Amino acid sequence: MNINLLASSVGDWSGDGLAIALFQKDRTDGESTETSSVLSTALLELDANKLAGTLQELVSEAAFKAEAGSTIGGRVGANATIRKVLLMGLGEPAKATEDTWRKAAAQAAKWATQSKCQSLAISVPLYNQDEALTAQALAEGILLAAHQDKRFKSKSEDKAEGKEPKPETKLEQVDLLGFSLPAAQTGLETAQKICSGAIAARELVSAPANVVTPITLAEIASAIAAEYKDCMSVKILEKEECDALGMGAFLGVSQASDLPPKFIHLTYSSPTKSATEGNGSPKRKLAIIGKGITFDSGGLNIKAGVGSSIEMMKTDMGGAAATLGAAQAIAQLRPHDIEVHFIIAACENMISGKAIHPGDILTASNGKTIEVNNTDAEGRLTLADALVYADKLGVDAIVDLATLTGACVVALGDSIAGLWSNSDELAAQIESASQKAGEKFWRMPLEEPYFEQMKSVVADFKNTGSRAGGSITAALFLKKFVDKTPAWAHLDIAGPVWTEKENGYINAGGTGYPVRTLVNLVMSMAG
């Protein structure tokens, strides 16, 4: 699909489908809701001269008021240069966010596909009068909505029966109208780079555990480093090297699997700004750690029974997928004055004669001992050694993200992730980055007295507390493995990494959450 920026207006365009986004009309002029129209004078003229009155007819028949998320579409007369039109509501201007434009573009792209349009034009008011931000938001909505993961679908029935498959009409060209500044092209290119990372993460989460393994994740990290070798480097620690570093918690989880664990350390360093200027020292250093359990059986505390969701445990590497997706996007965006460490302790949590037992004691790489009272609370064990590793890198901040607890899903549902942090500044930066991305987070408390639940008679502490406040005690557990780094945040993304239903620009399957938040965070920290 080609996305083009055109300076021309709606009146100059011709093609298959035209989508026009409108705000709700300001009613302060005294007009009643029933009699006033959302169509401007310019649109009324366009409707009369080019669209055979189709817009007025649609607005009148559907009583269209341009409320947020509302749409109405129809076919134009046979002799028109535009075949179909769609009106999209943006709601009240004061309540609109960047995500409003993203969702409108997704609506337009899906409508065009369903209407068998090969070409589509989108006309919208500018977001905050900024062409670059508007172009970026629209392009993100289009690209994310258009992505369909059909890698594991069988061939069409026609082809299976030996018939020639019917040609499929695809949306091939999208023209964004009314963009004239060079900055708008930059916004479009930024969207394409960010979405490539989000889509890569989607496909990793959606792929089954017999396709995506710890070895696969290590290979992808190596491929990213090879493709962007001027700014990316990679180190893959094998089991023996992890053992030498004392990573007893990580290796304890991995020891029952037939597949070897892989500790992945991918580093982004700001590329040289010019031929004569060296990189110098980055102003900021950040570590992003993603949980990389490519399949979680639960261990000897096996996930069993209705509601255990064991069949969905391929998604337990959602944090690792987002980490690699963000790395891919950052390598293309190339921010200056920042160094980013992307870290994944990748393994499976399986069952065999080598599996850790409930009651076993593991020693993490910082010397802390952990009584494993539940082998299904394995993610925090792998993250513990990853946090210790990152803490020794001299970074300014660490952000870990994980499909960590069902308790967070119970607390916040499927579309909101939990955020814990010991730094108000870092928490605010993450919240700002997530709002720009349209990915929801809710800051949760680090209630220190809750850690009393995790005290152990035989070790420094247990790996779980009671069911009550389970996502909070998980965060408190992780906090024990950050010592020198001044700012740390934990993101529990168990709910939003997967969805069974389409929602705006998010399609069913892996969502790519929260790649765009991580990218926005890195870009906000960069020089």
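Remember, predicted model here, so these are calculated numbers, not experimental data. We're numbering straight along the sequence, starting at 1.
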Any side-chain heavy atom of [X] sitting closer than 4.5 Å to one from [Y]?
| X | Y | answer |
| --- | --- | --- |
| Gln107 | Lys103 | no |
| Ile264 | Thr323 | no |
| Ile288 | Leu401 | yes |
| Tyr268 | Pro335 | yes |
| Arg380 | Thr405 | yes |
| Trp488 | Leu478 | yes |
| Trp498 | Ile493 | no |
| Lys285 | Leu393 | no |

Note to self: With salt bridge (charged side-chain N to carboxylate O under 4.0 Å, His left out) as the rule and sequence neighbours excluded, what pairs involving residues 441-454 come up?
What the structure shows: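 Listed once each, the pairs are Asp424-Arg443, Glu448-Lys479, Glu452-Lys455.
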
Under the salt bridge (charged side-chain N to carboxylate O under 4.0 Å, His left out) definition, can you give me all pairs with a residue in residues 382-397, not counting sequence neighbours?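 Only Arg284-Asp396 qualify under salt bridge (charged side-chain N to carboxylate O under 4.0 Å, His left out).
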
Under a 3.5 Å distance rule, please check whether [X] uses its side chain to pair with a backbone N or O of [Y] as donor and acceptor.
| X | Y | value |
| --- | --- | --- |
| Asn374 | Asn301 | no |
| Thr375 | Leu300 | yes |
| Arg102 | Thr97 | no |
| Ser270 | Ile338 | yes |
| Thr473 | Gly470 | yes |
| Asn520 | Ala433 | yes |
| Glu439 | Thr517 | yes |
| Glu131 | Ala184 | no |
| Thr134 | Tyr127 | yes |
| Thr294 | Ala209 | no |

Exercise. For Phe263, check ring pair (Phe, Tyr, Trp, His ring centres under 6.0 Å) against everything at least two apart and list the hits.
Key: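 Expected list: Tyr389.
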
* Does NZ in Lys440 sit with more than 12 non-hydrogen atoms of other residues, nucleotides or ligands closer than 6.0 Å? ->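 Not buried by this count: 12 neighbours or fewer within 6.0 Å.
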
* Lys354, NZ: over 12 other non-hydrogen atoms inside 6.0 angstrom ->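 Atom NZ in Lys354 is packed in, count exceeds 12.
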
**Prompt:** What class does the angle between the rings of Phe481 and Phe477 fall in, given that below 30° is parallel, 30 to 60° is tilted and above 60° is perpendicular?
**Reply:**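 Because their plane-to-plane angle lies in the 30° to 60° range, the rings of Phe481 and Phe477 count as tilted.
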
Once you round to the nearest 0.5 Å, how far does [atom1] of [X] lie from [atom2] of [Y]?
| X | Y | atom1 | atom2 | value |
| --- | --- | --- | --- | --- |
| Thr315 | Leu204 | OG1 | CG | 12.5 Å |
| Ser423 | Ile430 | OG | CD1 | 8.5 Å |
| Asn373 | Met454 | CG | CE | 7.5 Å |
| Leu126 | Leu138 | CG | CG | 9.5 Å |
| Ile370 | Lys462 | CD1 | NZ | 14.0 Å |
| Ile199 | Ser206 | CD1 | OG | 11.5 Å |

Does either side chain, that of Ser196 or that of Gln332, offer a donor lying less than 3.5 Å from an acceptor on the other one?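 Side chains of Ser196 and Gln332: pair found under 3.5 Å.
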
_Pairing donors with acceptors under 3.5 angstrom, does anything connect the side chains of Glu140 and Gln136?_
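Yes, a side-chain donor-acceptor pair sits under 3.5 Å.
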
Where [X] and [Y] come nearest, the two heavy atoms and their spacing:
| X | Y | result |
| --- | --- | --- |
| Pro214 | Glu348 | CG-N, 4.1 Å |
| Met444 | Gly418 | CG-CA, 4.3 Å |
| Leu446 | Ser421 | CD1-O, 3.4 Å |
| Leu5 | Leu188 | CG-CD2, 4.0 Å |
| Gln255 | Gly252 | CG-O, 3.3 Å |
| Ala221 | Leu324 | CB-CD2, 4.0 Å |

Next on the checklist: One pair to check against side chain to side chain contact (heavy atoms under 4.5 Å, CB included): Thr499 and Asp414. What are the steps and the verdict?
Outcome noted: CA-CA 8 Å; Thr499 181; Asp414 293 328; over 6 Å; no

| request: Using the test side chain to side chain contact (heavy atoms under 4.5 Å, CB included), find all partners of Leu362 that sit at least two apart in sequence or belong to another chain. | output: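 With neighbours one apart ignored, the set is Ile356, Val372, Leu381.
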
Listed pairs under 3.5 Å, donor-acceptor, residues 233-249 side chains, sequence neighbours left out:
{"from": "Glu238", "atom 1": "OE1", "to": "Lys262", "atom 2": "NZ", "distance (Å)": "2.8"}
{"from": "Glu238", "atom 1": "OE2", "to": "Lys262", "atom 2": "NZ", "distance (Å)": "3.1"}
{"from": "Glu241", "atom 1": "OE1", "to": "Glu238", "atom 2": "N", "distance (Å)": "2.8"}

query = Checking side-chain contact (heavy atoms from CB on, under 4.5 Å) against Arg202, which of Leu144, Val515, Asp149 comes through?
reply =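 The option that passes is Leu144.
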
### Query
Ion pair present between Glu311 and Lys303, side-chain N to carboxylate O less than 4.0 angstrom?
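No salt bridge links Glu311 with Lys303.
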
Fill in: Pair listing, ring pair (Phe, Tyr, Trp, His ring centres under 6.0 Å) test, anchored in residues 425-456, at least two apart
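Every ring pair (Phe, Tyr, Trp, His ring centres under 6.0 Å) pair that includes a residue of residues 425-456, provided the two are not neighbours, is Phe441-Tyr513, Phe451-Phe461.
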
